[in-house]
Amino acid sequence: AEGLGSNGWAVGKARSASGAGMVVANPHFPWEGELKLWESHVTVPDVLNIYGVALMGVPGALIGFNDDIGWTHTFSAGQRFTLYALDLVEGDPTRYLYDGEPRQMTSKSFTIEVQRADGALKSETRELYYSHYGPILNIVPFGWSPSVALTYRDANIENKDLIAQFFGMNRARSLAEFKQVYADIGAVPWVNTMAADGSGKTWYIDASATPRLGQPAIDGWLAAVDGGDFLAGLLYLQGLVLLDGSSSVNEWIDVAGARSPGLVPHAELPQIDRDDFVFNANDSHWLANPAAPLEGFSPLHGFERVPQSPRTRMNMRLLTEVADNGASGADGKFTIEELQAAIMGDRSFTAELLRAEVVARCKASPTVEIDTATIDLEAACDALAAWNGRFDPDSAGAVLWREFLGSFSAAAVEDRGALMAVSFDPEQPLETPNTLIAAPAPGEQDKVMAGLARAQIRMKDAGFALDVPLRALQQASRGTQKFSIPGGQSRDGTTNIVTYSVLKSTVDPSTPRGPVLNPETGLTADGYVINFGSSFVMALEMGKDGPRGQAFLSYSESDDPASPWFSDQTALFSAQQWRPLVFSEADIAADPALQTLEVAGGE
C-alpha cells in the first residue's frame, strides 16, 4: 500500500494564470538505496538542454523539462506481465498441456561464482526452465508441484529502447514532437505521463507496456476471480493476473503498431489532450480529467469506475475546486505559488470528509466500553476539534487522526464499510464514498468511537500526548541530524506522502527504527521514522521567457556527510521552503554558488 507512487499534474491555459502550461512533479520514492532520484542539468550545445531527475546510471532526465516542454510520471496501475497456471503431464513435470496436447519445457544452464564462508569462490550451476510464455516460477508457498507449475510472460523483457525513448523526450522541441517519440519508439516500461508546453496544451497517456488480451481471456480471468478460484483470487488481491496457460484463448494478441508482439499498440493506449488539466495519483487512467473520463479500455490498463484512493480524491479536489480559499483561488487559475501551496499544503482528504462528524459523535457520546473498561474520550474530542486538518509539522491532532484511521483497515477509507455509510458512485467519484456510519442502537458498541479509543490508548501507552505536534514524532535523519518532516500517508489523503519502507538492493544499512506499535501506520516508540516518499518536488511554468519554477529534493543531493549538499534541501523540505530552479545561462552565471570544473583527457 505504501509502494512506489507519485502525483503528477499538467495544467493548461484554461487553468493557468499566465496561459502557459504548468507541471507539478511529486514522485514518491525511496530516500536511500539505488532507487533515489538524482538532480542534474545537462547541456550539449545544439543537441540537448535538459533539467530534471533520473535514477542512478540513467543519462538525461526521467522527469523534468527543457526549453519547450515539461513533464512528469506516475506509476501505472496496469499490468506489465501475465501469470499462467500450467497443467502438467502426469509423471513428467517438465511437460505441460496446451490445447489438449503435451508440450516440452525448454531449459538453460546458468553458472555463477558464489563466495563461500572461507572467502573462496566456487562455481555453482542451476538449470532454469521455461514454457513458451516465459520462465517457470517457484513461488512460495505454491511451488512447482507434480501437477501444476506457474509461468509468466513479460511485456518489458524485449524492451531495449528505454534510453532512446527518454533521449527523444529530452530533445523534443514541442508537445507534438514529444508525443511522436511515444508513437515511434514506444519504450515506456511502466509509467503514466503528464506533459505541458508553453502554449498551454497538456497531454496524458498511460504508455506503459501492456499485454493485449482478447475479451474471452479477460472474461475468463474475471470469472475465475469472481467464481472463487483460490489462486486467481489471491493473486488478484496482490494486483496480479493469473490465466489458464493450457488454453490458446489466453495468448496475447499480435497487432500492427505494437513495439513488440502481443503488446497494446500506441493508437489503443489511454490518452487525452486537454486545455484545463490532466493528472494521475496511481489510480488508473480513468479520471486523468474527471470531466472527460477515459472508458472502455482493457482492465489490464487498470480498472475504470472503481473507488479512488483518498490521495487521488485530494488531487481531484485541489485541481477542480474554485473558491476564495480553494487551491486555485476564486478565479480558478493557478499561479506558481498556488501550485506550490496546493501540492505541499498537506490537507487531509479524510479529515475534510469525516473529522467534523467524528468530533460531533465524540462530543455527543464521550465514553465507550473497550474490553470491559470505560474510556473517556473528551480529551481526544478536543484535540481533533482543535486540529487544523493538515499534516504540517506544527499540526496538533494529526497524529491522533492517523492513529484513529489506523484502527481500521485501509479499505475503510475507500468505500462504504467500517467508517462510511454512502457507497462509491462512479458518477460522483470525487464526492463518494462519504458520511460517517450511523451511531449504533443503544447498548451496542460504537465501532467508530471504539477506533478512537484504541488510538487514544495506543498513544498514551507510548507516552505521546493526544495533541502532540506532528513535528515531534515524524522525523528523518541525515547523518546525526534529525529533521521534522511534513506530510501524510495514503489513508490520510494528503498529496505529500512520507512513510517508512525498505525498497533497495544496496548493502548500506537501512534507516533504523524501533519496535512498531501499529503496523497500519508505522507508529513506533520513536514516532514515525521517515525514509520514503516525496522526493523531487517541482512546480514549473513553461512561460514565454522560458521555464521558471521552484523545487526541492527532499533527501538532498549528496550522500557524503562532509558535503555541504548532504542535508541542505532536507532542511528546506522540513521548513516547507522552496528554492528556485536555476536553468537559463544568465541565471546560472549569476548564481553566487556557481562552481566550474573542467574535465579533459581520455580516449
Side-chain angles (χ1 to χ4, degrees), residues 307-311 313-314 317 346-392 395-425 428 430-462 464-470 473 488-494 517-518 520-521 523:
Q308 305 293 286
S309 74
R311 177 162 58 90
R313 295 174 73 186
M314 178 52 79
R317 174 166 289 178
D346 295 318
R347 288 168 56 183
S348 165
F349 189 86
T350 53
E352 293 182 10
L353 192 67
L354 297 173
R355 180 176 65 114
E357 292 180 275
V358 171
V359 170
R361 175 84 62 84
C362 185
K363 287 187 176 295
S365 301
T367 61
V368 66
E369 296 289 331
I370 297 286
D371 299 328
T372 72
T374 300
I375 308 299
D376 184 349
L377 296 173
E378 188 172 350
C381 300
D382 292 341
L384 291 182
W387 176 39
N388 64 2
R390 297 176 183 263
F391 280 80
D392 294 325
S395 293
V399 173
L400 178 58
W401 183 257
R402 178 180 294 167
E403 291 305 311
F404 162 65
L405 295 180
S407 298
F408 303 89
S409 71
V413 296
E414 296 202 359
D415 205 350
R416 178 183 176 181
L419 279 174
M420 289 182 281
V422 176
S423 300
F424 168 74
D425 178 354
Q428 301 182 78
L430 172 56
E431 294 80 11
T432 60
N434 61 48
T435 308
L436 191 67
I437 59 171
E444 296 181 5
Q445 184 188 63
D446 187 333
K447 294 182 180 179
V448 173
M449 291 299 98
L452 183 58
R454 291 189 181 95
Q456 175 174 299
I457 293 168
R458 193 157 48 242
M459 291 181 65
K460 286 190 173 182
D461 287 349
F464 304 139
L466 297 179
D467 59 352
V468 59
L470 186 63
L473 298 190
Q489 300 178 356
S490 293
R491 75 182 68 199
D492 299 328
T494 58
L517 307 178
N518 185 1
E520 294 289 335
T521 64
L523 180 68

Between Val358 and Phe404, does the side chain to side chain contact (heavy atoms under 4.5 Å, CB included) criterion hold? Intermediate values first, please. CA-CA 10 Å; Val358 171; Phe404 162 65; 4.0 Å; yes

The test is side chain to side chain contact (heavy atoms under 4.5 Å, CB included); show your working for Leu384 and Leu452 and say whether it passes. CA-CA 10 Å; Leu384 291 182; Leu452 183 58; 4.0 Å; yes

Let me see the working for Asn388 and Ser395 under side-chain hydrogen bond (donor to acceptor under 3.5 Å, both in side chains), right down to the final yes or no. CA-CA 7 Å; Asn388 64 2; Ser395 293; 3.1 Å; yes

Side chain to side chain contact (heavy atoms under 4.5 Å, CB included) between Leu354 and Met420: does it pass, once the steps are laid out? CA-CA 9 Å; Leu354 297 173; Met420 289 182 281; 4.0 Å; yes

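If you take CD on Gln428 and OG on Ser423, they are separated by 12.0 Å, rounding to the nearest 0.5 Å. If you take CZ on Arg491 and CH2 on Trp401, they are separated by 12.5 Å, rounding to the nearest 0.5 Å. Within the model, atoms CG of Asp446 and CZ of Arg361 stand 4.5 Å from one another, a figure rounded to the nearest 0.5 Å. With rounding to the nearest 0.5 Å, the separation of CD1 in Ile375 from CD1 in Ile457 is 4.0 Å. The distance from atom SG of Cys381 to atom CE of Met449, rounded to the nearest 0.5 Å, is 7.0 Å. Taking OG of Ser409 as the reference point, atom CD of Glu520 lies at 7.0 Å (rounded to 0.5 Å).
Scanning all heavy atoms of the two residues, the minimum distance from Ile437 to Ala418 falls at CD1-O, 3.2 Å. The heavy-atom pair separating Asp425 from Thr432 by the smallest distance is N-OG1, 2.8 Å. The minimum heavy-atom distance linking Ala453 with Ile370 is given by the pair CB-CG1, 3.9 Å. The minimum heavy-atom distance linking Val413 with Leu419 is given by the pair CG1-CD1, 4.2 Å. Scanning all heavy atoms of the two residues, the minimum distance from Pro310 to Ser490 falls at CB-O, 3.9 Å. Closest non-hydrogen pair, Ala462 versus Leu517, comes out as CB-CD1, 3.6 Å.
Contact of the Arg416 side chain with the Pro307 side chain is not registered, since no non-hydrogen atoms from C-beta on lie closer than 4.5 Å. Between Leu466 and Lys460 the shortest side-chain heavy-atom distance falls below 4.5 Å. The shortest side-chain heavy-atom distance between Pro433 and Glu414 does not fall under the 4.5 Å cut-off. Between Thr494 and Met314 there is no side-chain heavy-atom pair separated by less than 4.5 Å. Two residues are said to be in side-chain contact when any heavy atoms from C-beta on lie closer than 4.5 Å; Phe464 and Val399 fail this criterion. When side chains are defined from C-beta on, Leu400 counts as touching Met459, because their heavy atoms get closer than 4.5 Å.
Partner of Arg402 under the side-chain hydrogen bond (donor to acceptor under 3.5 Å, both in side chains) criterion, out of Asn518, Thr521, Asp492: Asp492 alone.
Ring geometry for Phe391 versus Trp387: interplanar angle over 60°, hence perpendicular rather than tilted (30 to 60°).
Crowding of Gln445 atom CD: a count of heavy atoms from other residues, nucleotides or ligands under 6.0 Å exceeding 12.
For Arg458 (side chain) and Glu403 (main-chain N/O), a donor-acceptor pair under 3.5 Å exists by modelled atom type. Panel note: side chain Thr367, backbone Thr374; no donor-acceptor pair is recorded below 3.5 Å.
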